[in-house]
Number of protein chains: 2
Amino acid sequence: MAITLKSLPDKTVERLSQYRRNLLVCLSKGKQHIFSHEIANIQNITPVQVRRDLMLIGYTGTLRKGYDVKELIDLIGRILDSRTGMKVCVVGVGNLGRSLISYFNGRRSKLSIVAGFDTNPEKVDKVYAGVHCYHSDRLNEIIKRDEITIAIITVPAEQSPGVAEKLVIAGIKGILNYTPKSVNVPPQVYLEEYDMVTSLEKVSYFVKKNAGIE
Amino acid sequence: MAITLKSLPDKTVERLSQYRRNLLVCLSKGKQHIFSHEIANIQNITPVQVRRDLMLIGYTGTLRKGYDVKELIDLIGRILDSRTGMKVCVVGVGNLGRSLISYFNGRRSKLSIVAGFDTNPEKVDKVYAGVHCYHSDRLNEIIKRDEITIAIITVPAEQSPGVAEKLVIAGIKGILNYTPKSVNVPPQVYLEEYDMVTSLEKVSYFVKKNAGIE
DNA sequence: GTTTGGTTGTTACAAAAATAACAATGTTAA
DNA sequence: TTAACATTGTTATTTTTGTAACAACCAAAC
C-alpha cells in the first residue's frame with residue numbers, strides 16, 4: 001500500500017533531476033559525501049535551496065559530513081523514476097528529434113526512447129541512434145503495442161495540434177511539446193511546452209534591458 | 001532620451017513573444033481585431049492573464065472590439081526587439097545546433113543567427129542553412145568582427161563551461177545554454193539555461209504522480 | 001571539559017506569478 | 001431612452017517560489 005505523497009513543487013522536481021545528474025558525475029569521480037554548498041555551486045543555486053529541496057523529499061544528511069552521494073542518488077531515483085520504467089516516443093524525426101534521440105539513449109535506464117515517427121518515406125523504417133522510425137500512420141498501433149506512455153513532439157508547428165490529438169487517443173499520459181504551437185490536452189494528460197524561439201527572444205529582451213538606454 | 005522602463009516580469013516577456021507569434025498568424029489570415037479570450041485560447045492561458053500582460057506594456061484595446069492586431073504586433077516589437085537588431089551565434093553545430101539554425105533563419109528579422117562554431121574539421125567552413133560554420137578557435141575574432149551579442153551553446157556538456165568563459169571574454173551579452181552542465185557568467189551577462197533531459201524527467205515524474213499509487 | 005566552527009533542518013519572511021473580483025465603459029436591443 | 005451585456009483595465013487575494021534567519025548538533029581544538 002504505497003502512499004501517494006503530496007506532489008513536489010515543479011521547480012523542486014526540476015532541480016532533483018539536476019542533482020542526480022551531477023551526483024552521478026561526483027560518484028564516478030569517487031566522491032562519497034557532499035555538502036549542500038558543493039551541490040549548490042555546481043548548479044549556480046544557493047545551499048539553502050538545496051537543503052530545502054532535500055527536506056521536502058525527506059532526506060537527512062549527516063552533520064559535518066554532508067550527504068551520502070549514493071544514498072541520495074538512490075532516493076531521487078525512487079522519487080523520479082517509475083518502478084518499471086517508462087517508454088518514450090519522438091514524433092517528428094527531424095534534426096531536433098534526432099538530436100534528442102542520440103542525446104538521450106542509454107542515459108537514463110528508467111526512461112528510454114523506443115520509437116520514432118515520421119511521415120517522410122525516406123525516414124520510415126530507418127534506425128536512428130538505435131531507435132526505429134515508423135510511419136506516423138502507425139502511431140496508435142505502436143504506442144499501444146510497446147506500452148509507450150510519454151511522447152515528445154518535434155514536428156513542424158502546424159502539425160502539432162493534430163499529433164497531440166492522436167497521441168491522446170492512443171493513450172499517451174505525458175507530452176513534451178517542442179513546437180511553438182500550443183496544444184490542447186485533457187487534464188489527465190500532463191503537458192509541458194517549450195519553445196526555443198521564445199527563449200531566444202527573452203534573452204534578447206534582457207540583453208537589451210541590461211544595456212540600459214538604447 | 002529614451003526612458004528605460006522597469007523590467008517586465010520574466011513570464012510576461014515569454015508570453016509577449018508568443019502573443020506576437022500567434023498574432024502574426026492571425027494577421028496573415030486577415031484578422032484585424034482580437035479579443036483577450038481569443039488570444040488566451042490559442043495559448044491555453046486565461047484571458048485575465050492576457051489583459052494583465054497588455055496592461056503591463058501599456059497597451060489599451062477598444063471596448064467590444066478587442067485589440068488591434070497590427071498595433072499590438074508593432075508594440076510588442078518595440079518592446080522585445082532592439083532597434084538595430086541583434087546577432088546570434090551557435091557554438092556547436094551538431095544536430096541540435098543545426099536544427100536551431102534551420103528553424104530560426106528568416107523568422108525574426110531583428111534577431112538572426114549569423115555564425116556557427118565547431119571544432120570538427122568536417123564542418124568548418126561549410127554552410128548550414130545559410131550560416132557559415134567557423135572553427136571554434138576563431139570565436140573571439142568573429143564575435144568581435146560581426147558584433148555578435150548573443151550565443152547559443154549546444155556543445156557536448158563537458159565543454160560548456162570553457163565555451164561560456166570564452167564567450168564572456170569575447171564580449172557576449174547574453175547566453176542560452178542548452179547543455180546539461182550549468183555555466184558561470186558575470187552578472188552583467190544574461191544567462192538562460194534549459195536542459196531537455198530534465199524536462200523529460202519532469203514529465204515522467206508527473207505522469208507517475210497522476211497514475212496515483214503505483 | 002569547554003569553546004569554537006561549520007553544517008544541517010526548519011521556520012519565518014519576501015518576491016514573483018497567477019487568479020479572482022469587480023468597476024468602468026460603450027454597444028446593442030428592447 | 002434605458003436596460004442588458006460583453007469586454008476591458010485595475011486592484012486585491014492567493015499561490016508558488018526563493019531567501020533569510022536561526023536553533024540544533026557534533027567534531028575538533030584548545
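Just the heavy atoms: all of them, side chains too, but no hydrogens, waters or symmetry mates, feed the values below. All values derive from a computational prediction rather than experimental measurement. Numbered from 1 within each chain, the chains take letters A, B, ... in sequence-line order.
- Take B:Thr198 and apply the side chain to side chain contact (heavy atoms under 4.5 Å, CB included) test, not counting sequence neighbours, and it matches A:Glu14, A:Ser17, A:Gln18, A:Arg21, B:Asp195.
- Listed by chain and number, the residues in a side-chain hydrogen bond (donor to acceptor under 3.5 Å, both in side chains) with A:Thr154 amount to none (sequence neighbours excluded).
- Sorted by first and then second residue, the ring pair (Phe, Tyr, Trp, His ring centres under 6.0 Å) pairs involving residues 181-203 of chain A (not counting sequence neighbours) are A:Tyr190-B:Phe206, A:Tyr194-B:Tyr194.
- Taking the side chain as every heavy atom from C-beta outward, B:Met86 and B:Ile150 approach each other to under 4.5 Å.
- Listed by chain and number, the residues in a ring pair (Phe, Tyr, Trp, His ring centres under 6.0 Å) with B:Phe35 are B:His37 (sequence neighbours excluded).
- Among residues two or more places apart in sequence or in another chain, the side-chain hydrogen bond (donor to acceptor under 3.5 Å, both in side chains) test is passed with B:Asp68 by none.
- For residues 25-52 of chain A, the salt bridge (Lys or Arg N to Asp or Glu O under 4.0 Å) pairs, not counting sequence neighbours, are A:Lys31-A:Glu38.
- At a non-hydrogen distance threshold of 4.0 Å, nothing from residues 10-18 of chain A comes into contact with DNA chain C.
- For B:Phe117, the ring pair (Phe, Tyr, Trp, His ring centres under 6.0 Å) partners are B:Tyr134, not counting sequence neighbours.
- Nucleotides of DNA chain C with any atom under 4.0 Å from a heavy atom of chain A span, from 5' to 3', C:dG5 to C:dA12.
- Applying the side-chain hydrogen bond (donor to acceptor under 3.5 Å, both in side chains) test to B:Asp118 and every residue at least two apart in sequence or in another chain returns nothing.
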Donor-acceptor list for residues 156-165 of chain A side chains, cut-off 3.5 Å, not counting sequence neighbours:
unit_1	atom_1	unit_2	atom_2	d
A:Ser160	OG	A:Ala157	O	2.9
A:Ser160	OG	A:Thr179	OG1	3.0
A:Ser160	OG	A:Lys181	O	3.4

Write out a two-atom table: protein N or O, nucleotide N or O from nucleotides 8-11 of chain D, distance below 3.5 Å.
unit_1	atom_1	unit_2	atom_2	d
D:dT8	OP1	B:Ser36	N	3.0
D:dT8	OP2	B:Ser36	OG	2.6
D:dG9	OP1	B:Thr60	OG1	3.2
D:dG9	OP1	B:Gly61	N	2.7
D:dG9	OP2	B:Tyr67	OH	3.0
D:dG9	N7	B:Arg51	NE	2.9
D:dG9	O6	B:Arg51	NH2	2.8

